[in-house]
Structure formats: C-alpha cells, structure tokens
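Numbering of residues begins at 1 and proceeds along the displayed sequence. This is a predicted model, so every value here is computed, not measured.
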Amino acid sequence: MNDAEQQFANRLAVDLERVLGAGIAVDDIEITAPEGECRVTATILIDGRMETLELVAPSVLDLYRPLLERAAELRLGAAFWRLVGPA
C-alpha cells in the first residue's frame, strides 16, 4: 500500500468502527489496486468470530460507501442473532 492508501485505510477503519459499534472490532484492512480495479479486504471481529468483507470497485473511493453498508448489515445481523439465536 502506498501512503495515500494507508491513510485511506486508517480513516476507513475509524469510520467502520463507528458503524459497527461496541463489541465489534476492525482487525485489519487491506487495500490493493491492480490495474483497472481496486479491492478492499476488511477483517472484522464479531461475537467471537472473524468475518471478512471483500469488495471490488473501479477506484478506492468507490469502495467507501459499499463497505460501510456491508458493515451495517453485519451489525444488524449480529444484533438480530443475539435476539433470536440459541441461548
């Protein structure tokens, strides 16, 4: 990762932690930018397990919103499972 991608990854980690809330942590974010596409892989620790979010887009900035939306889906799914999952 170059410096700009590292700064973006750091900012993304902060924003993801805000969306994910308490009890869910961002373990790692990796950004790769081969020719013609950008890929972000975020490893999230949620309820004692690891989830990996992987997204591909034409540019790094195009990854931002979809990644936050996927993180929100994870948070909602975890909250739902705490309500109706096995006791």
Side-chain angles (χ1 to χ4, degrees):
M1 257 192 292
N2 62 35
D3 287 340
E5 289 170 340
Q6 184 61 49
Q7 289 177 2
F8 181 76
N10 292 343
R11 175 59 190 196
L12 191 55
V14 169
D15 290 348
L16 279 174
E17 287 177 350
R18 287 184 190 145
V19 170
L20 292 169
I24 304 172
V26 177
D27 183 54
D28 185 42
I29 293 181
E30 182 179 326
I31 297 173
T32 57
E35 289 184 34
E37 68 178 23
C38 294
R39 177 182 305 270
V40 66
T41 304
T43 305
I44 311 293
L45 303 173
I46 182 169
D47 292 335
R49 68 184 194 286
M50 295 179 89
E51 292 282 337
T52 301
L53 302 176
E54 275 191 273
L55 293 143
V56 177
S59 73
V60 174
L61 292 177
D62 291 331
L63 293 168
Y64 185 81
R65 183 177 175 146
L67 188 59
L68 290 182
E69 288 172 352
R70 294 276 306 275
E73 290 171 5
L74 271 180
R75 180 181 176 159
L76 182 61
F80 179 77
W81 184 248
R82 279 187 224 116
L83 289 173
V84 300

Task: Point-to-point distance, once rounded to the nearest 0.5 Å, from CZ of R65 to CD of E69 - done: 5.0 Å
Open item on the list: Is there a path of hydrophobic side-chain contacts, each under 4.5 Å between heavy atoms, that joins L12 and L61?
Closed with: yes
Open item on the list: If you compare all heavy atoms of A42 against all heavy atoms of I29, which two are closest, and at what distance to 0.1 Å?
Closed with: CB-CG1, 4.2 Å
Task: Contact check, side chains of E51 and L74, non-hydrogen atoms, under 4.5 Å - done: yes
Open item on the list: Please give me the minimum heavy-atom distance between D62 and A57, naming the atom from each residue.
Closed with: CB-CB, 3.6 Å
- [ ] Flag yes if V14 and L53 sit in one hydrophobic cluster, no otherwise; membership is Ile, Leu, Val, Met, Phe, Trp, Tyr, and two members link when side-chain heavy atoms are under 4.5 Å apart.
- [x] no
Task: same_hphob_cluster(Y64, L67) at 4.5 Å side-chain heavy-atom cutoff - done: yes
Open item on the list: Looking at E37 and R39, is there a salt bridge between them, counting it only when a charged N and a carboxylate O are closer than 4.0 Å?
Closed with: yes
TODO: Please report the C-alpha distance between L68 and D15 in whole Å, then the side-chain angles of each, then the deciding distance to 0.1 Å, and finally whether the side chain to side chain contact (heavy atoms under 4.5 Å, CB included) criterion is met.
DONE: CA-CA 8 Å; L68 290 182; D15 290 348; 4.2 Å; yes
Open item on the list: Minimum heavy-atom separation for V26 and A13, please, with both atom names.
Closed with: CG2-O, 4.0 Å
Task: Distance-only donor-acceptor check, side chains N10 and Q6, under 3.5 Å - done: yes
- [ ] To the nearest 0.5 Å, tell me how far I31 CD1 sits from L55 CG.
- [x] 11.0 Å
Task: Check: L63 and C38 side chains under 4.5 Å, non-hydrogen atoms - done: yes
- [ ] Indicate the atoms forming the closest heavy-atom contact of E54 with R70, along with that distance.
- [x] O-NH1, 3.8 Å
